[in-house]
Amino acid sequence: MSLKIYNTLTREKEEFKPITPGHVGMYVCGPTVYSDVHLGNCRTFISFDIIYRYFKYLGYKVRYVRNITDAGHLEGDRDEGDDKFSKIARLQQLEPMEIVQKYTLGFRDVMRQFNCLPPSIEPTATGHISEQIRMAQQIIDNGYGYVVNGTVYFDVEKYNKEKPYGILTNRKMEELLEGTRDLGGQDEKKGRLDFALWIKAKPEHLMQWPSPWGMGFPGWHIECSAMSEKYLGKQFDIHGGGMDLAATHHTNEIAQSQACYHTSPANIWMHTNMLTVNGTRMSKSLGNGFLPGELFTGNHPLLEKAYAPNVVRFFMLQTHYRSTLDFSNEALQASEKGLKRLWDAYENLAKLPANDTAAADAELDANVNKLLNEFDEFMNDDFNTAKVLGNMFELVPVINSIKDGLIRADALSSQTLERLRQKFKAYLEDIFGLQSGSAGNEKLGEVMDMLIGMRKEARAKKDFATSDRIRDQLAAIGIQLKDEKGGAMSWNLE
RNA sequence: GGUCCUUUGGCCGAGUGGCUAGGCAAAGCUCUGCAAAAGCUUCUACAGCGGUUCGAGUCCGCUAGGGACCUCCA
């Protein structure tokens, strides 16, 4: 049973064969930190967090590099003018690095709330200026770059004569040229598709560095090529990012690495699909993005209530990463309830008594094992988290029925029960990165034990007024009491 | 305009040509002092038309709707 991953480059699922056995090198394009990350950005990082976690579950040593873009991202499509950081800094009368610091910290905070593991390395563009200059110089030396008035351009048409430039998105040069706007002769580039490796800075420009071509700053694409090479080598296993990056950013990365090192940087290119709102892509430029904070507080005109990070993560897990996912209150509420049901069953599972018998219900035992076996099979088929969750939900009635005595306690063998526990823990917590939503502190647990004891006493005396009051008042402050078979009671936080 | 993707039951969504994914909602029942929770049952859909096939949601063609990329964006 091998892991298969869909490769954008070949447009098919391929068996994953690491370059170094037992190790995975993965580079994911991170955020540009001149504004808050919105939920669409988060989807990509959550998807790759699960991929990262699954590789670790499989026993791989993973070097996961995700950059922070903190320089060089231009406002328009022409390789001139201010970069985004300088522009915002000027508007807010701050140092560009104050902007960078603010949104970097904000990004990390959001990632922590979503329970995304930090990458192994989180390099910044400003921290790797010399590497980028060196790479641009090498590209010039190799004949694929040219300098015009202090700016270095990549010669796409020359490159395309030797290597297919549009290979990643399956486009031919002629098609690309047709789709490109005519810039009206004011352009200093030789070819319309040429892009900047290094950009000349005007004297008043806030972020600039010395280079062989004068003061300037790096183009957007070169940072990922330079940093991925530095930390993962000229060729590594996986390069990922949002689908919107494939056509331009990743296409240029491949061209840069080929022109510089004569190798295609990554064996597998993975692209996550977009998060949409009412069928339209959530994006910074359209301004239809949700900020994670707005979601967690419910403070947004389109939101009917607040949703916990856990719920949002679960919501995303129910869809395959290469499908678009449409954002709506209804879908999130369905996820909230579904997650609660699943998590309750998971907590019930932990409480089931162990037995050391053979399976009394061999058919059920076999079926449970089949469903558990499929967890890995589904994940190995291009990380199909949705199918794993489908199986988990099929196991929920089994768990709950054993707990309630509707299925006899020894129906499953002790080994099967133990497997069930291990798989649920591995998947829910370690791979999917979901967390307990009702984690009260110890004191709360003791107080609840006391109240439950009082309610039991009241019920024994048929003092239903008291027992209902305890239940209703707890419900009012968001604690749900559940009467169980045999008079036991459990509770959780809403 | 070019390239590509997509269209699944009330909603969200998974689907390797042959057997009901799953979640949410809804309805009925069981359990319960009542309620909630839980369990059981019901709800069999694949945009339209045509084709290939013994058999298609799954392959092919056409038509219609939606979307993405081609320009900064995960």
Side-chain angles (χ1 to χ4, degrees), chain A residues 11 13 28-32 34-35 37-48 73-78 83-84 166 169-172 174-181 193 220 240-249 271-276 279-286 289 314-315 318-320 322-342 344-345 348 378 381 384-394 396-397 399-401 403-407 459 462 464 467-468 471-472 475 480-485 487 489-492:
Chain A
R11 286 168 293 284
K13 286 181 197 170
V28 172
C29 289
T32 305
Y34 66 92
S35 64
V37 285
H38 62 64
L39 203 61
N41 303 123
C42 293
R43 183 187 184 195
T44 293
F45 304 130
I46 289 170
S47 293
F48 282 105
H73 218 150
L74 290 170
E75 265 299 316
D77 59 339
R78 305 181 184 190
D83 69 39
K84 292 186 172 181
T169 49
N170 197 25
R171 292 215 176 103
K172 292 190 167 54
E174 307 81 69
E175 298 165 3
L176 287 167
L177 283 167
E178 275 175 31
T180 310
R181 245 187 318 208
L193 291 171
W220 175 34
M243 254 177 203
D244 52 337
L245 298 182
T248 305
H249 184 55
H271 291 100
T272 57
N273 215 321
M274 299 292 105
L275 184 68
T276 60
T280 303
R281 173 185 167 187
M282 188 180 284
S283 78
K284 285 184 184 178
S285 50
L286 287 176
F314 179 78
F315 168 64
Q318 284 181 297
T319 309
H320 191 263
R322 279 191 290 112
S323 298
T324 55
L325 174 59
D326 198 60
F327 178 93
S328 69
N329 277 289
E330 295 72 29
L332 274 175
Q333 274 163 29
S335 289
E336 186 172 54
K337 290 184 181 174
L339 173 60
K340 182 176 185 306
R341 178 172 148 79
L342 183 59
D344 282 352
N348 290 337
F378 292 155
D381 185 13
N384 198 328
T385 56
K387 290 190 85 170
V388 174
L389 285 175
N391 271 21
M392 285 189 150
F393 274 109
E394 289 201 53
V396 164
I399 294 167
N400 288 338
S401 292
K403 169 176 157 287
D404 287 343
L406 298 169
I407 293 177
R459 292 186 72 201
K462 303 233 185 278
F464 296 123
S467 76
D468 286 354
R471 185 179 65 196
D472 295 345
Q480 182 193 29
L481 260 194
K482 292 183 286 192
D483 291 339
E484 298 179 353
K485 301 272 187 290
M489 288 176 209
S490 63
W491 59 279
N492 56 31

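Below, read A as the first sequence line, B as the second, and so on, with proteins coming before strands; counting in each chain starts at 1.
Under 4.0 angstrom from either OP1 or OP2 of C12(B) there lies no side-chain N or O belonging to Ser328(A). Listed pair Thr32(A) / A74(B) meets the phosphate criterion, a side-chain N or O lying under 4.0 Å from OP1 or OP2. In this structure, Asn400(A) does not reach the A38(B) phosphate: none of its side-chain N or O atoms is under 4.0 Å from OP1 or OP2. Within the structure, a side-chain polar atom (N or O) of Thr248(A) is placed less than 4.0 Å from OP1 or OP2 of C70(B).
Comparing the P positions of U8(B) and U42(B) gives an interatomic distance of 25 Å, to the nearest angstrom. Rounded to the nearest Å, the gap between the C1' atom of G23(B) and that of G13(B) is 8 Å. Comparing the same atom, P, in U52(B) and in A14(B) gives a spacing of 31 Å after rounding to whole Å. One C1' atom belongs to G10(B), the other to A27(B), and the distance between them is 13 Å to the nearest Å. To the nearest whole angstrom, the two P atoms, one in A35(B) and one in G22(B), are 29 Å apart. Separating the C1' atom of G15(B) from that of C59(B) is a span of 15 Å, rounded to the nearest Å. Between C34(B) and U41(B), the distance separating the two C1' atoms is 24 Å to the nearest Å. To the nearest whole angstrom, the two P atoms, one in A47(B) and one in U6(B), are 12 Å apart.
To the nearest 0.5 Å, atom CG of residue Leu275(A) and atom NE2 of residue His38(A) are 8.5 Å apart. With rounding to the nearest 0.5 Å, the separation of CG in Asp381(A) from NE2 in His320(A) is 7.0 Å. Here the CZ-CZ distance, from Arg471(A) to Phe464(A), works out to 10.5 Å after rounding to the nearest 0.5 Å. Interatomic distance, CE of Met243(A) versus OG1 of Thr324(A), reported as 9.0 Å (0.5 Å rounding). To the nearest 0.5 Å, atoms CG (Leu39(A)) and CG (Leu325(A)) are separated by 8.5 Å. For the atom pair CG of Leu176(A) and CD of Glu174(A), the computed distance is 8.5 Å after rounding to the nearest 0.5 Å.
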message: Please evaluate residues Thr319(A) and Arg43(A) with respect to the criterion side-chain contact (heavy atoms from CB on, under 4.5 Å), reporting the C-alpha separation (whole Å), side-chain torsions for both, the decisive distance (0.1 Å), and the verdict.
response: CA-CA 11 Å; Thr319(A) 309; Arg43(A) 183 187 184 195; 4.0 Å; yes

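Gly240(A) comes within 4.0 angstrom of no nucleic acid atom, judged by non-hydrogen atoms across all strands. Note on Met392(A): nothing from the nucleic acid sits closer than 4.0 angstrom, heavy atoms only. Residue Ser283(A) is in base contact, counting any heavy-atom pair closer than 4.0 Å across all strands shown. Heavy atoms of Leu342(A) sit nowhere under 4.0 angstrom from any nucleic acid atom. Using a 4.0 Å heavy-atom cutoff across all strands shown, Gly241(A) reaches sugar-phosphate atoms only and no base atom. In this structure, Met274(A) reaches the bases: a heavy-atom distance under 4.0 Å links it to at least one base atom across the strands shown. Contact annotation for His249(A): no contact, since no heavy-atom pair falls under 4.0 Å across all strands. Thr169(A) comes within 4.0 angstrom of nothing in the nucleic acid, heavy atoms only. Across all strands, Asp483(A) comes closer than 4.0 Å to base atoms (heavy-atom distances).
Taking the side chain of Ser467(A) as heavy atoms from C-beta on, and the options G33(B), A37(B), A35(B), the nearest nucleotide is G33(B). Relative to the side chain of Arg459(A), the nucleotides U32(B), A74(B), C72(B) differ in distance, and U32(B) lies closest. Of the candidates A37(B), A74(B), C34(B), C34(B) carries the atom nearest the Arg471(A) side chain, counting heavy atoms from C-beta on. Picking from A36(B), A74(B), A14(B) the nucleotide with the shortest atom distance to the side chain of Asn384(A) gives A14(B). Considering only the side chain of Thr280(A), G67(B) comes nearest among G67(B), G13(B), G33(B).
At whole-Å resolution of the value, CG in Leu325(A) and P in G67(B) are 17 Å apart. Taking atom CG of Asp344(A) as the reference point, atom P of A38(B) lies 7 Å away to the nearest angstrom. Spacing between atom NZ of Lys462(A) and atom C1' of U32(B) amounts to 12 Å, rounded to whole angstrom units. In this entry the distance linking CE of Met243(A) with C1' of A74(B) reads 11 Å, nearest Å. Distance, Tyr34(A) OH to C72(B) C1': 6 Å, rounded to whole Å. Taking atom CD of residue Glu336(A) and atom P of nucleotide C12(B), one finds them 18 Å apart after rounding to whole Å. A36(B) atom P lies 16 Å from atom CG of Asn492(A), rounded to whole Å. Regarding Asp326(A), its CG atom lies at a distance of 13 Å from the C1' atom of U7(B), rounded to whole Å.
Residue order along RNA chain B, read from the 5' end via each residue's closest nucleotide, puts Ala247(A) first among Met282(A) and Ala247(A). Each of Thr324(A) and Leu481(A) lies near RNA chain B, and the nucleotide nearest Thr324(A) is the one positioned closer to the 5' end.
Here the shortest heavy-atom pairing between Phe315(A) and Asp326(A) reads CZ-O, 3.6 Å. Pairing each heavy atom of Gly40(A) with each of Met282(A), the nearest pair is N-SD, 3.4 Å. Between Val37(A) and Pro31(A) the shortest heavy-atom distance is CG1-CB, 4.0 Å.
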- prompt: Once each nucleotide of nucleotides 19-24 of chain B is scored for protein heavy atoms under 4.0 Å, what B/S/- sequence comes out, 5' to 3'?
  reply: --BSSS

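Under a 4.0 Å N-O distance rule, the pair Lys482(A)/Asp344(A) qualifies as a salt bridge.
Within the 4.5 Å cutoff, side-chain heavy atoms of Ser47(A) are placed close to those of Thr272(A). A heavy-atom distance below 4.5 Å is found between the side chains of Leu332(A) and Phe327(A).
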Intra- and inter-strand pairs of RNA chain B in dot-bracket (Watson-Crick or G-U wobble, both distances under 3.5 Å; | for another strand): (((((((..(((.....[...))).(((((.......)))))....(((((..]....))))))))))))....

